[in-house]
Asker: 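One structure coming up, written as structure tokens, with questions to follow.
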4 protein chains.
Amino acid sequence: MAEKQVPSTIKDEALVTKRRNQMIRGAVTLFIEKGFHKTTTREIAKASGFSIGTLYEYIRKKEDVLFLVCDSIYKRVKERMEASIDPNQTSVQSLVHAIRSYFQLMDDMQDEVLVMYQEVKSLSRDAQDYVLQKERDMVSMLEQVIFNSLPGQRSETQVKLIANNIFVQGQMWGFRRWILQRTFTIETYTEIQIQLLLEGLNSKVEESS
Amino acid sequence: MAEKQVPSTIKDEALVTKRRNQMIRGAVTLFIEKGFHKTTTREIAKASGFSIGTLYEYIRKKEDVLFLVCDSIYKRVKERMEASIDPNQTSVQSLVHAIRSYFQLMDDMQDEVLVMYQEVKSLSRDAQDYVLQKERDMVSMLEQVIFNSLPGQRSETQVKLIANNIFVQGQMWGFRRWILQRTFTIETYTEIQIQLLLEGLNSKVEESS
Amino acid sequence: MAEKQVPSTIKDEALVTKRRNQMIRGAVTLFIEKGFHKTTTREIAKASGFSIGTLYEYIRKKEDVLFLVCDSIYKRVKERMEASIDPNQTSVQSLVHAIRSYFQLMDDMQDEVLVMYQEVKSLSRDAQDYVLQKERDMVSMLEQVIFNSLPGQRSETQVKLIANNIFVQGQMWGFRRWILQRTFTIETYTEIQIQLLLEGLNSKVEESS
Amino acid sequence: MAEKQVPSTIKDEALVTKRRNQMIRGAVTLFIEKGFHKTTTREIAKASGFSIGTLYEYIRKKEDVLFLVCDSIYKRVKERMEASIDPNQTSVQSLVHAIRSYFQLMDDMQDEVLVMYQEVKSLSRDAQDYVLQKERDMVSMLEQVIFNSLPGQRSETQVKLIANNIFVQGQMWGFRRWILQRTFTIETYTEIQIQLLLEGLNSKVEESS
DNA sequence: CATGAATGAGTATTCATTCAT
DNA sequence: CATGAATGAATACTCATTCAT
């Protein structure tokens, strides 16, 4: 899929995959440290373990590296979400389970998610659309779980908003780490968010204590 | 405050303020359009209505413009929040009122908030700290309102998290506009968020309908 | 005219002219030595007496330098041709005079003409059209002189061809110097060409001796 | 001959010749389209039908391709000139015949001649000397014909110049096509040139009509 | 013999910043 | 105070050439 969008002059497809993985690994670290714009292509090449010339055998433009990084992040997130979500479950417990897995995932991939968050705007319009579609897909997965877990109780728009809230709260753990991770661990963060989500503020004091 | 951090060679303080306002106005538009990195100092000068030489009489480095923009945004946000929040109120209604005002504010300042969100990382460590402190202050204001509205019912950490949730949900309206503003208006978005916040998912269907 | 085609960021027009003349002088020498492609922009800047940054204040692309050079050559050639040709004369002598002046000019500007000859194809289509038009204009001047000098005796196509022959013979003196300048001086070259032109091969031996 | 100047690592001489012919065919087209400098070695390899690695088995440097192309062009021109010229003829008619054949040849090989014209300067000094010598040889052939056709009537320098004129007029048909081929066909061009050559401008009107 | 992946020197171009006027 | 010409470090990208397989 991504290979369709970022052509390479190298014919050996296995090699392309291998080299691009090297690139992505190297680039993420750099993008986290200094951001996309302040990272030079030479640095990316070096961090990837090959020369600048070789780098350009596997991409056309610097932006392609960013695209590859974003694409790879979404791929990994999606895989893990699909592995941890059972769309046939209908209990509230399955929603809670999904949230726990997703928050844990966001904790594991904090850096990557942060990078993506801050740099998508550097992608071309087309690439942005492609990436945002992936995000929509993932929000849809959450919507599905919510819908299954609360059969008939919520309107479509409510479900949409809840899915968005959960999605952003997961990301927020990473991109607002400077404020949240002073007060919470990923576990306390997760449990309190779940509690607030389920009970709301109007629930009695007894329930929430 | 900001003037302390960004020195100017010009003595006339009123003039400094005037010129900097011109700069901020011009720069925000450009940053929204093309981002900080892709905006040149010459473009900023032109959009501000003076020459590149004059621009550098009022700042030291390009980054200063970004700082000035961020600072000005926070100043405006803070002013409006302070105007709309009465810290002595203790009813849930006052929390609801605060949320409504804040979300409306976020709707009005979508572009500015988006810019700030995506570009803070381009500031120096010091400037970032300064700006993030402002953000902490604003979250604190929300915490205060929540605390006053729900006396004794919520733990400190819960209050902190709720404040963060509300704060981010406000920003989310702007930076996830591509997905949210298809489904919601700022009014429906506001009301459903408030409802979800207060009642939670476990509330009976009757209550939520 | 050329200024319309090659915009500069510098406002002071007199300065633009001055700097561009420096550029042209420096560039011609380099182009003669190594050709357009093998000359770097840094070399051009250095030969012009200013920095690479300054160079780019007066042009947009490297190709612009070539255009400026070509344009300046034609301007100078045209000026000298106009000064030495009297379009009201109707004798063969005036044609002979025009040829002599033109060949002398081609001798003086050998290097420049050679450069232009070899590098026009490096210009963009538009620039090429512009330059070739100038060349057409100059051939037309020759046509006019021929037409006036031989009233009623030659068809339009013949005149056209004669003008082209003379024009190319002038240039040939420069771009085939490696073969011609072993055998001829510009004076002998000129006189023999004129003789051949006027008398043709079929003239009797007595006439040509 | 050319093989002496461009060594190959391949032993099989027949194969070397075959591959180089493939190369020349591919390269000429590319050089015509985009010029030598803007044509990459990869493109040449592709157009030749083999890989970049293979290309470099048959040449040492990119310049060698250009040399091979030039050499092949001259070889073909020379062959055709020798086939159409009979050095034993002594009439003016044989000169006219030679000119007609040569102009026709230049019409057939317009593109190749144009390429050579514009790119010889990209060859090394040595290669240029080699190529220019070929050109001298061809001019000599013309000199010979002229000399035989006009026994005793013209001085050596005159003959030299006439040969040069004819030679350049042939090439001019190709490299000034943009101006000439609007007005002339190769046939009218040829006949008028011959007429002008033989009769000169001073011939009476009656003669030229 | 043929292949194509790897290399890195080389180059055009941009842009923040300075400073003389 | 204001201007804008000058600067040159920095950077993305290309492409001839090599060499292991």
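Throughout, protein chains are lettered first and strands after them, A, B, ... in sequence-line order, and every chain is numbered starting at 1.
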Asker: I want to verify a distance call: between F:dT3, E:dA5, E:dT17, whose nearest atom is closest to the B:S51 side chain?
Answerer: F:dT3
Asker: Applying a 3.5 Å limit to both distances, which nucleotide forms a Watson-Crick or G-U wobble pair with F:dA16?
Answerer: E:dT7
Asker: Any chance you could measure D:S48, atom OG, to D:L55, atom CG, to the nearest 0.5 Å?
Answerer: 6.0 Å
Asker: Heavy atom of residues 33-48 of chain A under 4.0 Å from DNA chain F: which residues?
Answerer: A:T39, A:T40, A:T41, A:R42
Asker: Does any residue of residues 52-59 of chain C have a heavy atom under 4.0 Å from DNA chain E, and if so, which ones, in number order?
Answerer: C:I52, C:Y56
Asker: Do the side chains of D:V28 and D:D111 get nearer than 4.5 Å, heavy atoms only?
Answerer: no
Asker: Taking for each residue the nucleotide of DNA chain F bearing the nearest heavy atom, is the 5' side occupied by C:R19 or by A:K61?
Answerer: C:R19
Asker: How many Å lie between CD1 on D:I10 and C1' on E:dT3, as a whole number?
Answerer: 12 Å
Asker: In terms of side-chain geometry, is the basic nitrogen of A:R125 or A:E63 positioned less than 4.0 Å from the acidic oxygen of its partner?
Answerer: no
Asker: Look at all strands and tell whether A:T9 reaches a base, only sugar-phosphate, or nothing, counting heavy atoms closer than 4.0 Å.
Answerer: sugar-phosphate
Asker: Taking CZ from B:F50 and C1' from F:dC1, how many angstroms apart are they, rounded to a whole number?
Answerer: 12 Å
Asker: Knowing that exactly one of D:R76, D:R20, D:K134 qualifies, which makes a side chain to side chain donor-acceptor pair (under 3.5 Å) with D:D71?
Answerer: D:K134
Asker: Report the relative orientation of the aromatic rings in D:F67 and D:Y130; use parallel for angles under 30°, tilted for 30 to 60°, perpendicular for over 60°.
Answerer: tilted
Asker: Has C:R60 got a side-chain atom pairing as donor or acceptor with C:S8's backbone, closer than 3.5 angstrom?
Answerer: no
Asker: Using purine N1 to pyrimidine N3 plus N6-O4 or O6-N4 for Watson-Crick, or N1-O2 and O6-N3 for G-U wobble, each under 3.5 Å, what pairs with F:dC1?
Answerer: none
Asker: Start at the 5' end of DNA chain E and walk down; is the nucleotide closest to D:K11 or to B:R60 reached first?
Answerer: D:K11
Asker: Set out, in order, the CA-CA distance, both residues' side-chain angles and the distance that settles side chain to side chain donor-acceptor pair (under 3.5 Å) for C:E57 and C:T9, then state yes or no.
Answerer: CA-CA 5 Å; C:E57 296 283 337; C:T9 60; 2.5 Å; yes
Asker: Passes side chain to side chain donor-acceptor pair (under 3.5 Å), A:Q22 versus A:R25? Steps please.
Answerer: CA-CA 5 Å; A:Q22 289 177 261; A:R25 221 186 328 267; over 6 Å; no
Asker: Return the 5'-most residue of the pair A:D12, B:E63 with respect to DNA chain E, ranking by each residue's nearest nucleotide.
Answerer: A:D12
Asker: Would you mind telling me which of B:K62, B:K34, B:K38 makes a salt bridge (Lys or Arg N to Asp or Glu O under 4.0 Å) with B:E43?
Answerer: B:K34
